[in-house]
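See below for the structure under consideration.
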Amino acid sequence: MAIQKPYNINLSGGIVIPAEEDFTLTWSVSGAVQTHYALEIRNNSDNTLVHSVTKTSSYVHSYLLLANTLSNGNEYKLSITVWDESDNSATSDLQIFQTSSRPTVTLTPVGTIGSPAYSFQASYFQAESVPLRYWSAFLYDNNQNLINQSGLQTSSTIEHLFSNLYSEHTYFIEFQVTSEKGLINTTGKVSFNVLYTTPKISTGLTAENNDNASIKLLWNVVQIIGEGENFSYVNNEKIDVTNGKVWFDSGFTIEDNFTLKVWLESVTNTFINLNPSASIVASSTPISNTSNLWLEDSNQLTELTLPLIHSNTAPNPDQLWLEDENQTTPQTLGVILDYVEPGSLTTAWVDLGIDAETIELIKLNGSNATLYLRYFNNGFHLYKDNILVDSVSVSGSNYYISIQQNGENLTLNAEVLAS
Amino acid sequence: MPVQNISSIELKNCIVDELHLRERTDVNLTSSKDTWQIDTYLLAQFFNNLEAGSIVNNGIEIVQFAIKRRKLSEINNITLGYVDFVNGEVSEYFDYTQGNDDYIYTLVPIAENGLEGTVNEVQIKSDFTGWWIIDKTDSNNILACDTFLDGEPSVFTQLNQGRVVLETLNRFPQVYYTDKSYHTFTLSAAVPINPEENNSTSKEYSKILSMLNSRKPFIAKSGSGDLYIVEISNLRKGTPINTYFGRDYMTVNFDCLEILSETDYHDLY
């Protein structure tokens with residue numbers, strides 16, 4: 001039996017191929033074994049011969065039509081002739097096909113997405129102005145597993161909103177377009193990151209098997225929101241209360257023991273000095289070895305300047321010394337330099353007129369007392385109400401401070417941090 | 001006397017990087033910063049906000065939590081329910097709808113503007129025995145089928161498939177399949193009666209009848225990992241002939257017909 005005309009030709013039925021890409025033409029034969037083939041491709045509008053292959057020895061039922069052999073935007077007709085070993089030949093029916101450029105789809109650059117939802121966009125282009133037939137958008141997780149898709153869309157605008165994107169996650173987006181000629185192209189999977197501020201949470205979430213074949217979930221969340229005035233943020237990670245203050249007064253109660261750790265910067269020092277020319281005027285109140293003297297000038301706005309009256313040379317120039325001329329032994333009194341008025345008249349106090357507010361850094365209000373942390377004279381000083389509890393001499397600008405209350409004991413630690 | 005009941009703290013006259021208040025005093029006092037600890041009262045980091053609790057939400061109040069769940073091998077979560085936010089108190093949620101598998105539970109904070117926040121997850125392997133009938137909409141409607149009186153009965157589940165078999169003149173028939181594919185099975189529960197609790201067969205039976213006659217779909221789950229959404233019918237009751245006060249018990253049998261997928265069930269209920 002002689003060879004029959006080729007059939008099952010894959011370039012037929014009006015199929016559209018992109019001329020800028022290689023295409024493997026295939027066919028089937030029957031009746032006898034193919035020993036040779038030839039083919040012709042003509043322009044369907046004017047029958048112009050565009051491409052041909054003369055009788056070629058081959059048992060293979062395929063031919064590689066190289067890219068750019070044809071040009072896009074045209075309609076062609078193809079015929080294939082085959083020979084058998086007896087030199088019988090048969091020519092296929094004319095096969096009509098078209099060429100068209102594969103469309104391009106370009107994703108609008110995404111960058112880092114700053115919200116849980118984002119509307120992704122892409123643009124379509126086709127060299128012969130073949131319109132868009134439909135498109136689809138695909139969303140993949142970090143492992144390129146498909147997690148969501150738009151389905152086939154026919155709108156001319158290629159835009160799709162994907163939501164429920166988690167912060168600090170990486171995803172992949174892909175757009176796929178199909179032209180009216182049926183040619184498809186894709187952006188490929190393009191990765192993007194999501195980063196936005198979200199509630200950071202430490203819940204202590206636990207799960208356990210429970211009665212009645214159930215799972216019991218437990219968690220504990222505390223939300224504390226402070227208030228403030230005349231403050232600003234520094235580099236989105238610090239707060240400047242140099243000229244204002246911030247406070248937290250809800251959402252917590254420290255019953256007794258605690259540890260406070262705080263990192264402070266730009267702490268300015270205030271020097272509190274006693275004018276060495278100060279003088280004291282004492283009354284004739286009898287003075288014992290344990291007596292202290294308290295002096296105050298309530299109108300004083302700055303350092304108190306008092307002449308020092310002594311009839312004998314003071315044993316030590318930094319000691320306040322009073323003499324009772326009837327006393328045979330000079331009395332030496334220690335002087336407490338402070339700005340806080342003593343609660344009783346048993347402490348010698350020289351009012352320096354310093355405003356405590358200007359040197360106060362932290363205040364903790366309890367039900368029975370208040371703790372103050374102050375910085376002056378190159379040191380941190382911890383007060384419980386008006387009583388000095390602990391001091392640490394340290395000089396710098398940036399500090400780490402810890403305060404602990406353990407029963408009755410209050411301790412203060414401070415160290416300088418590098419700027 | 002120590003300073004007691006400190007409930008406010010004020011900061012001023014400097015720049016503050018971070019403030020951390022804790023209950024414990026046996027802690028590391030180095031200058032290294034810690035995250036929120038179990039004994040933390042307050043942790044203010046001043047990341048453009050004045051938040052100092054265990055949850056930071058740019059000053060936006062958290063109003064509730066969404067409870068979500070997925071199997072370890074899956075990507076998508078199902079939402080089990082919502083719990084209102086109670087500040088500073090331990091909250092709990094019971095999930096009766098899980099099968100015996102490895103799960104990841106997710107706690108999602110939801111702000112007053114509907115924004116979902118960063119999730120917290122915990123993993124657990126569910127571990128129960130027997131068969132259980134669960135009503136997702138009412139946690140009081142639970143029927144345990146995990147006790148038996150004689151032997152150790154098995155539950156046989158039948159898969160009902162849509163098949164069309166066509167006899168032809170050929171040697172073998174042609175078989176065509178439809179989408180039909182559902183399970184049917186029968187469960188039984190031994191229900192102990194405790195007269196000391198003022199209980200009786202009739203009272204217990206009424207309770208079960210009321211539950212199963214509600215015409216709702218139920219979750220039927222087993223310790224071997226089965227989980228079906230079923231419609232229940234044909235309730236049968238068995239009581240021994242020779243019963244007396246103090247030895248009163250009952251068995252109930254009922255038929256289960258699978259009617260929904262687990263995913264569809266959670267979407268609907």
Side-chain angles (χ1 to χ4, degrees), chain A residues 198-203 205 207 209 212-226 233-234 236-241 245-249 251-254 256-267 361-369 371 400 402 404-408, chain B residues 1-25 27 29 31 36 38 41-42 46-48 50-59 62 75 87-88 90-96 98 105 107 109 117-118 120 122 124 126-128 132 142:
Chain A
T198 62
K200 290 188 172 33
I201 184 168
S202 177
T203 63
L205 177 64
N209 282 286
N212 291 335
S214 65
I215 297 288
K216 179 178 173 182
L217 301 178
L218 288 172
W219 66 92
N220 185 10
V221 173
V222 176
Q223 186 173 36
I224 300 173
I225 302 177
Y233 294 104
V234 179
N236 300 322
E237 59 181 14
K238 302 170 190 174
I239 191 166
D240 187 345
V241 287
K245 61 181 177 181
V246 67
W247 63 92
F248 301 91
D249 60 6
F252 69 99
T253 301
I254 304 168
D256 40 46
N257 291 352
F258 69 87
T259 299
L260 179 148
K261 297 173 74 170
V262 65
W263 288 259
L264 306 178
E265 297 180 5
S266 301
V267 179
L361 300 171
I362 298 175
K363 182 165 76 173
L364 294 120
N365 289 308
S367 60
N368 60 336
L371 291 174
Y400 158 68
S402 72
Q404 282 195 314
Q405 175 169 274
N406 207 342
E408 297 273 352
Chain B
M1 172 176 275
V3 181
Q4 295 176 324
N5 302 320
I6 296 172
S7 58
S8 92
I9 179 168
E10 188 178 291
L11 306 162
K12 56 190 175 187
N13 292 319
C14 61
I15 292 174
V16 187
D17 183 1
E18 183 169 308
L19 171 69
H20 194 170
L21 266 169
R22 296 179 62 176
E23 179 181 11
R24 290 172 57 179
T25 54
V27 299
L29 288 181
S31 60
W36 184 276
I38 197 168
Y41 284 112
L42 180 153
F46 305 113
F47 291 150
N48 258 358
L50 296 181
E51 301 266 11
S54 68
I55 185 168
V56 176
N57 196 28
N58 291 319
I62 301 297
I75 295 173
N87 201 358
V90 175
S91 299
E92 61 183 20
Y93 180 87
F94 293 90
D95 177 21
Y96 294 91
Q98 88 295 352
Y105 284 88
L107 191 66
T118 301
N120 254 212
V122 65
I124 186 169
S126 177
D127 184 17
F128 60 86
W132 295 78
I142 298 174

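Order of the sequence lines sets the chain letters (A, B, ...), proteins ahead of strands, with each chain counted from 1.
With a 4.5 angstrom heavy-atom cutoff, B/L29 touches chain A via backbone and side-chain atoms both. For A/L361, the parts lying near chain B are the backbone and the side chain together; criterion is any non-hydrogen pair under 4.5 Å. Residue B/I142 touches chain A through its side chain alone, counting heavy-atom pairs closer than 4.5 Å. For A/Y400, the part lying under 4.5 angstrom from a heavy atom of chain B is the side chain only. Of the atoms belonging to A/E237, heavy atoms from both backbone and side chain fall under 4.5 Å from chain B.
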Q: Given side-chain contact (heavy atoms from CB on, under 4.5 Å), test A/F252 with A/I224 step by step and report yes or no.
A: CA-CA 8 Å; A/F252 69 99; A/I224 300 173; 4.2 Å; yes
Q) Under the side-chain contact (heavy atoms from CB on, under 4.5 Å) criterion, do A/I215 and A/N209 qualify, and how do the steps go? A) CA-CA 5 Å; A/I215 297 288; A/N209 282 286; 3.4 Å; yes
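Nearest heavy atoms, B/D17 versus B/F46: O-CD1, 3.7 Å. Of all non-hydrogen atoms in A/F248 and A/I225, the two that sit nearest each other are CD2-C, 4.4 Å. The two residues B/Y105 and B/Q98 make their nearest non-hydrogen contact at OH-CB, 3.6 Å. In this structure, B/P2 and A/G407 approach most closely via the heavy-atom pair CB-O, 3.0 Å.
Most heavy-atom pairs under 4.5 Å with chain B, from the set A/V234, A/L364, A/N257, A/N368: that is A/N368. If you tally non-hydrogen atom pairs under 4.5 Å between each of A/L260, A/V262, A/N365, A/T253 and chain B, the highest count goes to A/N365. The candidate from B/V3, B/L42, B/V27 with the greatest count of non-hydrogen atom pairs under 4.5 Å with chain A is B/V3. For the set A/V267, A/L218, A/N236, the count of heavy-atom pairs under 4.5 angstrom toward chain B peaks at A/N236. Of the listed residues (B/R22, B/Q4, B/H20), the one with the most heavy-atom contacts under 4.5 Å to chain A is B/Q4. Listed options B/L11, B/L19, B/L21, B/I124 were ranked by heavy-atom pairs under 4.5 angstrom with chain A; first place goes to B/L11.
A donor atom on one side chain and an acceptor atom on the other are found under 3.5 Å apart for B/T25 and A/N406.
B/N87 pairs in a side chain to side chain contact (heavy atoms under 4.5 Å, CB included) with only one of the listed residues (A/V221, A/V222, A/N220), which is A/V222.
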